[in-house]
Each structure stands twice: as structure tokens, then as C-alpha cells.
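Read the structure below first, then the notes.
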There are 2 protein chains.
Amino acid sequence: MELVHSLTLHLSAFVSLSDADREVLDKALRKRARILAPRQDIIREGEKPRFVNVILEGWAQRYKQLADGRRQILSFFVPGDLCDTNVFILKSMDHSLSAVTQVRLAEISQREFQEIIETSPRIAQALWWSELVTVAIQREWTTSIGQRTAYERIAHLLCEMFVRLRTIGRTQERSCEFPLTQSEIADATGLTQVHVNRTVQEMRREGLIEIRNKRLEVHDLRALMAVAMFNPNYLHLEAGGHECIAPE
Amino acid sequence: MELVHSLTLHLSAFVSLSDADREVLDKALRKRARILAPRQDIIREGEKPRFVNVILEGWAQRYKQLADGRRQILSFFVPGDLCDTNVFILKSMDHSLSAVTQVRLAEISQREFQEIIETSPRIAQALWWSELVTVAIQREWTTSIGQRTAYERIAHLLCEMFVRLRTIGRTQERSCEFPLTQSEIADATGLTQVHVNRTVQEMRREGLIEIRNKRLEVHDLRALMAVAMFNPNYLHLEAGGHECIAPE
DNA sequence: GCGGCGTATTAACGCATGTGAATGTCGGCT
DNA sequence: AGCCGACATTCACATGCGTTAATACGCCGC
């Protein structure tokens, strides 16, 4: 639909794609589309993975539930993100994927995926990069939950989402879409909803940020990054993510 | 040195390799070896990755440090484990690797790695599987730190290491090597050393486990798995890991 | 056998975050 | 306009885990 797919923008953070490459991607994404309602599952733990999912529109999440119901959100996906490259090999999912907002996604079969990789080495490389970044994000989340305080953790999540959205051109000067509820932030950061509320309010009082109407307003990105100890190196952006630290 | 390399055993948890496959692996591992003293860094954050490292002997770890020195251990490697398949693409490491015990490892260059993959599709598949398992472990750690209590978290780590060691034939009936200090367990689980001590003692008092002399004795694996809510599905073992739940 | 160093153990105390539950707010549906 | 459901906010209180620091243990080198 769009002139430039989010996937193209996402991969362009690593390599510049040729027109032919873009054509290949566009074609792949047109094949098999799916629209999901907010909170609907995309695939659940235990099921056999059959497609690579590419988010075209909306936010999605990866999560895992313990036997007694405790839930950990493991990552968020925004437009352009791929869920589980090459996951076909596995017999069954060890976690679930679901929509956060309404989501439009493209399913790519193993055959199609293989074909893309063989057709365009440049795309293959970019997909590898994307996969490595996904893993690096997971590591950063582990670090965040293991070492950062509640305040730092939430600040870090906000920085990450803001920067990721910026690479696909989905931010304004100092704001971006932000459809997460406090309860979802809680499940993602290993905190309780009540404590997320306390903490977000503190950040607001201090003039760092504001979240309302499903939008995040970042008043002072530099300061937010500083308190979060946000180092964008793990996103492996070509520009080094240093343009992140916006000139004030 | 060994008749069967740990790497072969590790990959055999997913596919059965042919003699030719084993030959390919053996050859690759003989090329470039390195021995590291305990605690010595293998590669540090910021450096350019040039090799895939395969642990041949000893334990290693992946870790990340925040600006102010707080450290999170992100994963442990045991013999047969690969560190960072295909990481060549990236400009620089976003975390560090270091030895826990004395470590013997093999470095595989990008060219060699490429060659292996092209020579043997079966090995290529197995390497992919291994990579997917590594990521799944990372997700499980995120879940553990985010949702499990200290007691559950430590129990979970013990279960994981025991089961992983078992797939490479490094366990006895109810015990295995376990060279981690309480301080390292703390950095891996996001706890303090003092609290790890309290918790490990509690587990000992309850007759679940015993750690002494760099060995872990698991008195009751079933019970340990139960308190940890340990579900081996994320290790994606062919046997389903169900033989894990050892008959009493 | 002695001294030293890395590690484990113990203790007293504090606080960040959790728990449970009531109340407020706002946007959407009828 | 009014109701409803989802979400945010507030409050009182509880606790798991952190902090600091002193002490004990066990192995290694001399």
C-alpha cells in the first residue's frame, strides 16, 4: 500500500537496497496478508511455526507465560519488524506472539523466504543483520530487567521504542505513537502496574516525558537517555545511532 | 583430542550427523585453537568480531556492563556451544565474552564457516538450530529475571545447566560440574551475592541440592524442576527433553 | 604449619517494589 | 445524554531483596 514498505525502511538502516531488491520485498509482502484485532494471538506457544511474519502496520508483542499465569513480554514489534526468521526448523513455538494494537502483517512461507535469500544476497545480509539485532535487543532487555531500577528500566524502554520508530520514520520531532498500557509496560519490565504508574508519574513531574492518548512525548531525549544509560550500540544502526543523541 | 567433539554431541541433540559431517567438524575445530585462563576476556564490547568461537573445554560467559559498572551475565557456554554464529556482519560487539574456568576454544573464520555451511546442509541446519536455541535461552532468562522469585530463578538456572550438560554427556546420575561462584550466579540472575547465599542454603536445607567443590549435586531433579517451573521446551531437544524428568 | 586470598556465611537494618483494593477518568456505544 | 468498560490513579501496608560490613572457611604457595 505504502510507497515504501516499513520493511524496506527497517532494512535500510543497515544496507541501501537497490530498486530490484525493493521490488523483491514488495512482491513477497503482497502474497499473504493478515489483519488482527488488538490483543489477538498471532501464534501460540506449542504451535508449529509455518511462516515468517512481517509487521506492516501496528504493534505486536512476543510473550511467555509461566505455569501459574505470570506473564513476561519479551519484545515489541513495530512496522517493518520480522518475527522469527527461519524459525521453520523448530517443531514448536516456545513462546507466543500477539497483536498489541490492530495489526496488519504479511506471512512469508519457507519456500518464499528461501527464494528471496537466494535471489538477493544483499537482502539476505540485511535479514541476518535484522535477526542479530533482535537477539541483541533481547540481551539488552535481560540486562535492563536484571540490573536497572524501575525508573531506569522504563526510561530505557521508552528510549528504545523511540529510536526504533525513528529509524522507520514514525516519529515527530519529540513524540511518537505509543499504544502500550501501563499494564503492558509492567509485563515487559518485570514490574507491577501500580509501580509503573508511580514511576511514569515521577518522570512526568520531572518534565522528562508525558504519555497520553497513546502518544509518547519526549521532552528531553538526552536526559532520558542519560538516566536510562541508553547506549544505542546494540541496535547496530549504520549511523551508529549517534544521531540519536539529538543536538539540543 | 576427544574421540567425539562436544560440538558433535551438541549438534546431535538436533540431527544425527554422518561420518562425513563429523569429519568436516573435526577438521574445522583443529585449525585455530586458543586457551584462556579463568576470567580472561575472549572478546570485549566494542571490538570487531572476526571469528565464531566454539567452546571445546571449560565454561565461558557472555556479559554486559552498564556505564556505572553494574554487570549482567547474559548466558553461560559449556563445551560444544557456539558463540555468535554469523556475527561477522556486525561492526562491533555490543557485549563481552569471557572465560569462567580455564577454557579451550576453537576460532572459526568467516571463510571457513561459510565453507562448512556450503559443504554440509545438515550441519548448516544444525547450526541454525543451535542459534535458535541460544536465542530461546536468552528469552527464558529474560522471563526468569522478570517473573520468577530468587528461589525459582536459581532453581531454574541449575535445571538448565544440568540438562544442557546432560545432552553433551557431562553429568553423572545426579551431579555435574558447576564452577560458578555465588557471585557469578548473582550476576546471572540479577540478585546480590548475599541473597544468592541465603537462597542456596535454603535449597540445601530443603534437601533439593548441594553445591560444593565446584560440583552441583541434584538430590531431587523432579522437585527442582517443579519449583523452577522448568519447561525444557525452549531447549528444543529432539527427544523433547522429556527424558529430563528422570524416573525416580 | 603458617599466612593470605578468594569465597562463603552471618547479621542488622533499610528501601524499592509488591499487594489488594477502592476510586477516578475518559472515550465509545446506544 | 448516560452508561459501561478499560485504564489510570491513589492509598495503606507488607515483604523480598539490597546494603554494609564483619567473620569464617578452605585451598595454595612457601
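Letters A, B, ... mirror the listed sequences (proteins, then strands); counts begin at 1. Quick caveat: nothing in here was measured; it's all calculated off a predicted structure.
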Touch class at under 4.0 angstrom, heavy-atom based, for A/Val200 against every strand present: nothing
Sugar-phosphate, base or nothing in reach of A/Arg204, heavy atoms under 4.0 Å: sugar-phosphate
A/Arg148-A/His156 side chain donor-acceptor pair, cut-off 3.5 Å: yes
Distance, rounded to the nearest Å, where A/Met203 contributes CE and D/dT9 contributes P: 13 Å
Rounded distance in Å - CZ (B/Arg215) to P (D/dC27): 15 Å
Nucleotide D/dG16, atom P - distance to CZ of B/Arg148 in whole Å: 19 Å
Residue met sooner reading DNA chain C from 5', once B/Lys214 and A/Tyr151 are mapped to nucleotides: B/Lys214
Phosphate OP1/OP2 of D/dG16 contacted by B/Arg153 side-chain N/O (<4.0 Å): no
5′-ward residue of the pair A/Ala150/A/Asn213 relative to DNA chain C: A/Ala150
Span of DNA chain C in contact with chain B (heavy atoms, under 4.0 Å): C/dT7 to C/dA12
Sugar-phosphate, base or nothing in reach of B/Thr192, heavy atoms under 4.0 Å: base
Side-chain heavy atoms of B/Leu74 within contact of B/Gln138, under 4.5 Å: yes
Between A/Ser75 and A/Gln61: side-chain donor-acceptor atoms closer than 3.5 Å: no
NZ or CZ of B/Arg215 within 45° of B/Phe178 ring axis and under 6.0 Å: no
Salt bridge (charged side-chain N to carboxylate O under 4.0 Å, His left out) between A/Arg212 and A/Glu210, intermediate numbers included: CA-CA 6 Å; A/Arg212 46 170 218 286; A/Glu210 212 152 350; 3.4 Å; yes
Sugar-phosphate, base or nothing in reach of B/Gln201, heavy atoms under 4.0 Å: sugar-phosphate
Below 4.0 Å: OP1/OP2 of D/dT9 and any side-chain N or O of A/Asn197: yes
Side-chain donor/acceptor contact of B/Arg212 with base of D/dG26 under 3.5 Å: no
Residue whose nearest DNA chain D nucleotide is more 5′ - B/Val196 or B/Gln193: B/Val196
Atom-to-atom span, CD of B/Gln182 to C1' of D/dG26 - whole angstrom: 14 Å
Least distance between heavy atoms, B/Gln193 atom then B/Ala186 atom: N-CB, 3.6 Å
Lys/Arg N to Asp/Glu carboxylate O, A/Arg164 vs A/Glu160, below 4.0 Å: yes
